[in-house]
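Since the structure comes first, as C-alpha cells, the remarks are kept for the end.
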Amino acid sequence: MTAPILEATGVVKQYGKFMALGGVDLRVMPGTVHSVIGPNGAGKTTLFHMLTGTRSVTSGRIVFDGADVTGETDYQRVQRGIARSFQVTSLFPSLPVRENLRLAALGTAPRRAMNCWRRPVGDLACDDTVDKVLARLELQRVADTAAAALSHGQQRRLEVGMALAARPRAIFLDEPTSGMGVDDLGAMKRLIRGLAEDHTVVLIEHNMDIVMDISDTITVMQQGKVLMEGPPDMVRGDPRVRAAYLGNMITGGQR
Ligand SMILES: Nc1ncnc2c1ncn2[C@@H]1O[C@H](COP(=O)(O)OP(=O)(O)O)[C@@H](O)[C@H]1O
Ligand SMILES: [Mg+2]
C-alpha cells in the first residue's frame, strides 16, 4: 500500500481562547488532488498555515514524506518540497512573467543562483524549469510581459506558477479561483488537474464544479473539525455536507 506523503494527526490551533482547529487528522496520498472544503470560518486556511509552517500548531503532529516537520519553519518545509501559492501582491509587478518565475525558481536552489542569472544560460535546469512552468500556465505568449499588465486570471495562474517554479513535491493552493471570471476558470482547472501528474496538490476551493471535477479526495471541514472525507461522489451526496452548507453550495452547481 502506498504511504501518504503528508499526514497530520490531532492538529489543534488556538488563537488565544478561540479554538480554530479542534484536532484535525488528514492523510494526503502522493500524486492526488486532495481538496479541503467547508463553510467560511471552518478552519481551512488555518489548516494550510499548519501544514506549510506559516504558523505553528498548538498541539498535534505533521509528517511530510516520512519526516516529522511539526517544529519546522515554513522555509525549512520549502526545502523539503512543500510550496504554497503566493498572492498577487507578492508578484513582482514591473518584471516580466519569465523573470518572476526565474526568481521563484531560485528560491529553493540558492547554490544554482549564479548559473541562473548568468546569460546566456543555455540548457541549464533553471531555464528548463521556467519554460516548463510557462507552458503549464499557458502563459508562453506573455512570457515577456510585465506581471502588472496581465489579466486577473493570468495573474492568478502566475501565482500558482511561482510555487511551481520551486519544483515542489506538494503544492498548496488556497482559493486559486477567487475573484476570477468564468472565462478564466477553465484554464485554472486544467492547470490544477495537470499538476497532479507530477505533484501532490492540496486545494482549498469554493467552486464546487471545479472541486467535484478534479479532486481525487475531498475533506469537508466544519467548525475546526473534519466533518467527513471521501471521493467526490460520496461527498456530493452526503446529507451532513449538504446541511453544513445549508444545502446551497453543493447542490447549487450545474450538476
Ligand atoms: N489570526 C487569527 N486570530 C484569531 N482568530 C483567527 C485568526 N485567523 C483565523 N481566525 C479564526 O479562525 C477561524 C477559522 O478561520 P480560517 O482558517 O481562515 O477559515 P476558512 O479558511 O475555512 O474560512 C475563523 O473563525 C477565524 O475568524
Ligand atoms: Mg480561508
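When a ligand or atom number is given, it counts from 1 through the structure's own listing order. Keep in mind that this is a model prediction, so the values were computed, not measured.
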For this session: Could you walk me through whether Glu205 and Ile37 pass side-chain contact (heavy atoms from CB on, under 4.5 Å), step by step?
Result: CA-CA 6 Å; Glu205 177 56 55; Ile37 67 170; 5.8 Å; no

Nearest non-hydrogen protein atom, [atom]:
{"atom": "atom 6 (C) of ligand 1", "answer": "Tyr15 CD1, 3.2 Å"}
{"atom": "atom 23 (O) of ligand 1", "answer": "Gly41 N, 2.8 Å"}
{"atom": "atom 19 (O) of ligand 1", "answer": "Gly43 N, 3.3 Å"}
{"atom": "atom 11 (C) of ligand 1", "answer": "Phe18 CE2, 3.6 Å"}
{"atom": "atom 15 (O) of ligand 1", "answer": "Thr46 OG1, 3.8 Å"}

Exercise. Can Thr45 and Asp174 be said to form a side-chain hydrogen bond (donor to acceptor under 3.5 Å, both in side chains), step by step?
Worked result: CA-CA 7 Å; Thr45 296; Asp174 192 346; 2.8 Å; yes

Problem set entry | Contacting atoms of ligand 1, where contact means under 4.0 angstrom from a heavy atom of Ala20 |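 What qualifies from ligand 1 is 12 (O).
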
Exercise. Is the backbone N or O of Leu51 less than 3.5 Å from a side-chain atom of Arg77, with the two atoms forming a donor-acceptor pair by type?
Worked result: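 Yes.
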
Problem set entry | Short N/O/S contact of Thr46 with the Mg ion (ligand 2) (below 2.8 Å) |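 So Thr46 does not bind the Mg ion (ligand 2) by this criterion.
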
For this session: Indicate yes or no: does Arg98 engage Asp127 in a salt bridge with an N to O separation below 4.0 Å.
Result: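 Salt bridge between Arg98 and Asp127, a charged N being under 4.0 Å from a carboxylate O: no.
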
For this session: Would you please say whether a donor-acceptor pair under 3.5 Å links the side chains of Thr217 and Glu229?
Result: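 Not at all, the side chains of Thr217 and Glu229 share no donor-acceptor pair under 3.5 Å.
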
Exercise. Does any donor atom in the side chain of Thr70 or Arg61 lie under 3.5 Å from an acceptor atom in the other side chain?
Worked result: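 There is no such pair (donor and acceptor under 3.5 Å, judged by atom type) between the side chains of Thr70 and Arg61.
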
Exercise. Within the structure, does Ala42 bring an N/O atom to less than 3.5 angstrom of an N/O atom in ligand 1?
Worked result: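 Checking ligand 1 against Ala42, an N or O pair does fall under 3.5 Å apart.
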
Problem set entry | Crowding at CD, Glu72 (>12 non-hydrogen neighbours, <6.0 Å) | yes

Problem set entry | Selected option - heavy-atom contact closest to atom 18 (O) of ligand 1, from Ile37, Asn40, Thr45 | Thr45

